[in-house]
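All figures in this text were calculated on a predicted structure; none of them were measured in a lab. Reminder, nothing fancy here: chain letters follow the sequence lines and each chain counts from 1.
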4 protein chains.
Amino acid sequence: MSSRRTKTPENKPRQARAQATIDAILEATIRILERESLDLATTTRIAEIAGVSVGTLYHHFEDRDAIVNALQEREFTRALAMMQDVLSQENLGTAPREMVERVVRGLAKLYETSPALHRVLAIEGLRVANAERVHAFDLRVIDVVRGFLLQSREHLRSDDVEAAAFVAYQSVRATMLASLLERPPGLDLEALVKQLVDLVVRYLIRDDAATQPKS
Amino acid sequence: MSSRRTKTPENKPRQARAQATIDAILEATIRILERESLDLATTTRIAEIAGVSVGTLYHHFEDRDAIVNALQEREFTRALAMMQDVLSQENLGTAPREMVERVVRGLAKLYETSPALHRVLAIEGLRVANAERVHAFDLRVIDVVRGFLLQSREHLRSDDVEAAAFVAYQSVRATMLASLLERPPGLDLEALVKQLVDLVVRYLIRDDAATQPKS
Amino acid sequence: MSSRRTKTPENKPRQARAQATIDAILEATIRILERESLDLATTTRIAEIAGVSVGTLYHHFEDRDAIVNALQEREFTRALAMMQDVLSQENLGTAPREMVERVVRGLAKLYETSPALHRVLAIEGLRVANAERVHAFDLRVIDVVRGFLLQSREHLRSDDVEAAAFVAYQSVRATMLASLLERPPGLDLEALVKQLVDLVVRYLIRDDAATQPKS
Amino acid sequence: MSSRRTKTPENKPRQARAQATIDAILEATIRILERESLDLATTTRIAEIAGVSVGTLYHHFEDRDAIVNALQEREFTRALAMMQDVLSQENLGTAPREMVERVVRGLAKLYETSPALHRVLAIEGLRVANAERVHAFDLRVIDVVRGFLLQSREHLRSDDVEAAAFVAYQSVRATMLASLLERPPGLDLEALVKQLVDLVVRYLIRDDAATQPKS
DNA sequence: TATGAATGAGGATTCATTCAT
DNA sequence: TATGAATGAATCCTCATTCAT
């Protein structure tokens, strides 16, 4: 996103310091989100907690939104990487149910690390202003999921791979967040994962094929 | 403390006027949400569009949030009423799949009326400040769904009725909203309803029972 | 102050009802002052506690200030009446110190009934807008005190009766209020009265004359 | 939490600028009080006259009240400093009456500089919200006065040093303010000082001792 | 007379952002 | 580059007062 290119020899340590500052700012923001709310994450407050001045904050981020966007992008990247990793070619032999479980569990891990952050990212993701970025991310996710589904085409219930990917992804994402935020009794993380895996597998995959390794 | 003395006969026309004002304010708010965003729904702006003064607005609503809360409450009530209606006793004979479809379709209708409103309500529902109200609503929904599921207990895949109700409701709600906001190609309303019904029925109900009327 | 004169036969019961309303409003105001503060004594709030509508309140008082003014006037009247009573001709024979003590004690009684009210009246009395009314009251008080002093001219230390009356009155008034508001340890009401009597007597009256009945 | 890193050398000119701004705001406030009233000393107006923006005002003062509090504190400090100065050890040899006169005159000087300011401070001092601060100041004054009285214990009429200090201070303070605000005829500043010195000396000190230097 | 919904000017406060040092 | 004082548009909200019913 922020690509500066000054071809001086000090480039590296300088870049390293810049990255440290950026990270401090992002972490400070998350800290505020966790303890309080997005409303209290003012630029002044973020800078204060990050241990820098507002001026410095604005050296590294175009404006306040850019900070939240950076967080969003970072989580997007992490989520996608995880999914690509699990659904990659080399896992071709694994049974569909196992694959789904790995993805759901991976997602749960990401969300669990900072539910407050994901609460805010969900809110931001719903903002009209962010529609495009979020949509783009969704497309990338759908793409990965679709890739996986196409590999297992023979076991799918439905032909509409695109729609199925969309529905499955949204269901998992939203239910997981709601569960982490509301913590409904009797639905601990393990039970949640089981339910979501059931949901997805039954929705997507023919009964007999779920637990069979793909041929 | 506040001793109202005479419930005068003029009370009714006065109340009617008050209700009309309240409605005007709510509708004005929705109108702004639809055309623009929650950020632009300032108290001044709402009052202006509603054709009243800010003072009047504050005469009827504690503060700005109270307006959005009122909208939320109104939608909560509508959604619950619809569900209770569909899942009521007198529909006992209907096949489960049919029942699910009616609920999903009913929900879709509500959402379709004003996706922008539901976008905002979803955002508001994620705010920490509203956690309690939203949670309370979720519990009421879960309750209705659970009631339905218990009636059909024999056809259920799982015993964990509570968890199943939660997962099913969150999945439908979130996917429907995402779909209305992103309008993914190839997923028109009809297709969406079909996918969601498939999702829920396969998740909840034993294969053979879905299309049979309950005995 | 508010002199209405409608020469109808229903005049009396009507006036009685009006006076009851006025009293209810004044008492409601005092109640708010006592429990909270002048800031919270809004017209709406006063009306509510008085058990009438704002409209009714405005039927009886020109504007909000008129309410506080009425309270001020009422206390002015009470204080003056008390002083005139004590310092009246028929007490001519009493020793000066005794007279002073009666006045101080009378004042203390008034203040003690509602320190919060007198706190507010003191504040209002300092407002530029009220300068004239307060000044007029002070003149009336000074007048009464001066009358007393002139009677006892022979025992006075100073010839500047006017100045002495002013200083004595302000000292007693302010110290009494401060004492009631701050309640300094070791200065209960009885001690306060003694100190103030000492203060005034020593200030005004020749040593040998204080405890002698006037000849 | 707030980790200030480098107390850079530019800190001083920056601090000087900040102090200048604060002073400008305080002086602007006084100017409004003098010409008009506290009600007209709105934050916008103060900022305007101080030649800064509202934002800057809020950069230096928590809220509107903080400005008046700062003025109060400043006057408190000045008054205390003056009293401590006059009543300090090195003036031990001075006659009591002379000491009292110096204090009264010093106070008169402070009040005369800006009666309007002291009118407002008196009002603010009566506010419930400020009770604690005012009380604390009173205690400090009482303390200084008591220190003085204890030095002259042999000449005092009363043993209740605490009560005497309280009564004397409140009397002087209030009478002086009332006199400056009402300007009663025949009581110019010189006459006022004389009356107050008489009041205090006769109240506190044994007749024969007032004009003798302390042994 | 009583009622209370409606008014709207006006005030306090916030906070993203800039820029001189 | 870093700093943090300064900016000021924008927002929420209050409350004395009016007036149609």
Sidechain N-carboxylate O distance under 4.0 Å for A/Arg45, A/Glu48: no

Pairing residues for A/His135 by the side-chain contact (heavy atoms from CB on, under 4.5 Å) criterion, not counting sequence neighbours: A/Leu139, B/Glu182

Rounded distance in Å - CG (C/Leu38) to P (F/dC15): 11 Å

Any D/His59 side-chain nitrogen or oxygen under 4.0 Å from OP1 or OP2 of F/dA6: no

Protein-nucleotide distance (B/Gln19, atom CD; E/dA5, atom P), rounded to Å: 12 Å

B/Leu57 CG to E/dA5 C1', straight-line distance once rounded to whole Å: 13 Å

Rounded distance (Å) that lies between atom C1' of F/dC15 and atom CD1 of C/Ile67: 13 Å

For B/Ala24, all residues meeting side-chain contact (heavy atoms from CB on, under 4.5 Å), sequence neighbours excluded: B/Ala50

Sugar-phosphate or base contact per nucleotide [nucleotides 9-16 of chain E; S, B, -; heavy atom under 4.0 Å]: --SSBBBB

Rounded interatomic separation in angstrom, taking CD1 from C/Ile46 and P from F/dA16: 8 Å

Any D/His60 side-chain nitrogen or oxygen under 4.0 Å from OP1 or OP2 of F/dA6: yes

Partners meeting side-chain hydrogen bond (donor to acceptor under 3.5 Å, both in side chains) with D/Arg133 (sequence neighbours left out): D/Asn69, D/Gln72, D/Asn130

Helical stems, DNA chain F - three or more consecutive Watson-Crick or G-U wobble pairs below 3.5 Å: E:2-21 with F:2-21

side-chain hydrogen bond (donor to acceptor under 3.5 Å, both in side chains) partners for B/Arg74, two or more places apart: B/Glu27

C/Ile32 CD1 - F/dC15 C1' separation (whole Å): 13 Å

Contact under 4.0 Å: A/Ser53 side-chain N or O vs F/dG4 OP1/OP2: no

Protein-nucleotide distance (D/Ile22, atom CD1; F/dA6, atom C1'), rounded to Å: 13 Å

Test side-chain contact (heavy atoms from CB on, under 4.5 Å) applied to C/Ala66 - qualifying residues, sequence neighbours left out: C/Phe61, C/Glu62, C/Asp63

Contacts of A/Glu34 that satisfy side-chain hydrogen bond (donor to acceptor under 3.5 Å, both in side chains) - sequence neighbours left out: A/Ser114

Where B/Val68 and B/Leu38 come nearest, the two heavy atoms and their spacing: CG2-CD1, 4.1 Å

Short side-chain N/O contact from B/Thr21 to OP1 or OP2 of E/dA5, under 4.0 Å: no

Rounded interatomic separation in angstrom, taking CD1 from A/Ile25 and P from F/dT1: 13 Å

C/Thr44: partners by side-chain hydrogen bond (donor to acceptor under 3.5 Å, both in side chains), with sequence neighbours left out: none

